[in-house]
Amino acid sequence: MDAFYASVMIRDRPELHDVPVVVGGGHRGVVLSANYPARRHGIRSGMPGAEAARLCPDAVTMAPDFGLLTPVSRAIMETFRTVTPLVEVTSLDEAFLDVRGALRLFGSPEAIAERLRSRIRAEHGITCSVGIAATISVAKLASRQAKPDGVRVIAPDRFVEEVHPLDVGVLYGVGEATRQRLHRLGLVSVGDVAAIPPDLLRRMLGRHLGTHLHALVWGADRSELVPGGAGVFGFGEGEPEGSMGAQHTLAVDVRDRDALRRELLRLTARVAARVRAAGRTGRTVTVTVRYSDFTTVQRSRTLPEPTDVTQDVYAAALTLLDGLLDARGPRPLAVRLVGVRVEGLRRLRPGDGRQLVLGERDPGWPDADRAVDRAVDRFGQAAVRRASLL
DNA sequence: TCTGGGGTCCTAGGACCC
DNA sequence: TCTGGGGTCCTAGGACCC
């Protein structure tokens, strides 16, 4: 989708169509999406909200409404599935479609693209762009070039001619860090990298990145899709797999340890509830702290047994947080962000449960979690919470 | 008013095992 | 001329994506 969040948020507000609109970017936030009038002022997604405000003080700023965005996203993904079941969803507003099996029914890839674009325009009042190619990364590159509201084809026999002259940064998977690293090595264009033998590339950049980059510069990365939306709308099959986390940038930097602990508890309760709702358990707990100088550290701990119990995750997280704060000495930096993540998730199996230490009394936390989950499910988030969070 | 929040994957060192 | 080779697991950091 083109500027998805912004497009959907203003879809039913025609008075905003021709004025700069920014979604996100509130206090200490970044821009999630900007409509094209805002982009003409230089506003881009990922940019600090303060910078966007400087570039265009008159822009209309709004928070994303996922109650609005998620159903639109789901409906669009369903539209894609009317063409092919081979849809790999990568985010709320983007997916890859393998249309090789749909050509006889729906015509050329270009015809399919126009069919989908006009349906999405008619049903949701927003535009999208389509890249057509033989592999994931080339299709992605083509779709970026197609924006806004366009279609672009990069056929395999045109790849070298059309992509090799471009900066390596256009490749899907080459971010700013790798781009700069390559530039320092004198490799500026895609063609420059393509001229390096793969063995040398691997020695220069490491085994995986070298191999991956060699494939990218020849338009030869993967073409088989993984249908579904692992990590976007849920999980695929197989285990162990995945992680779930929550992090929060505090409204102001905080030194008070009790306040940080409460924030950690709030985040932990949210994450553990999501783990339980997904029918998973996890074994590794990771705590993230970002200090006021923006240095970010993580500490993780793997438990003897997987858990979905809020109190178990919190106990581990608290130990990690305290360890981090103690390591900073008696006068630690103020904290800007705290986060907690549960990794090594696997499907909950009947009989899974915490191993009680001999003689220990079952404290009943799993039962408490289930009761809280049910109450919140029926009466909303405000129904039950820890007293320390009131 | 500097810099979000949700993820995935890779690297590298050390512990540990056979 | 004292120390291999194969492997897994854990931890910390970093790159990348939207």
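Throughout, protein chains are lettered first and strands after them, A, B, ... in sequence-line order, and every chain is numbered starting at 1.
- Taking 4.0 Å as the cutoff to heavy atoms of chain A, we find the contact window on DNA chain C bounded by dC10(C) to dC18(C).
- G339(A) comes within 4.0 angstrom of nothing in the nucleic acid, heavy atoms only.
- No close placement of the F80(A) and F96(A) rings is indicated, their centers lying 6.0 Å or farther apart.
- Residue R181(A) is classed as having no contact, given no heavy-atom separation below 4.0 Å to the nucleic acid.
- Contacts of Q247(A) with the nucleic acid, taken as non-hydrogen atoms under 4.0 Å apart, include base atoms.
- Looking only at distances, no side-chain donor or acceptor of H164(A) sits under 3.5 Å from a matching main-chain atom of S189(A).
- In this structure, R299(A) reaches the sugar-phosphate backbone alone: every heavy-atom distance under 4.0 Å involves primed, P, OP1 or OP2 atoms, never a base.
- Cation-pi check for R290(A) over F294(A) is met; the charged atom lies under 6.0 angstrom from the ring centroid and within 45 degrees of its normal.
- R144(A) comes within 4.0 angstrom of sugar-phosphate atoms only, judged by non-hydrogen atoms across all strands, and of no base.
- Side chain of R276(A) to main chain of D308(A): a donor-acceptor pair is present (N/O by atom type, distance under 3.5 Å, no hydrogens or angles).
- Using a 4.0 Å heavy-atom distance criterion, L337(A) is classed as a sugar-phosphate-only contact.
- Two residues, A50(A) and V30(A), neighbour DNA chain B, and the one matched to the more 5' nucleotide by heavy-atom proximity is A50(A).
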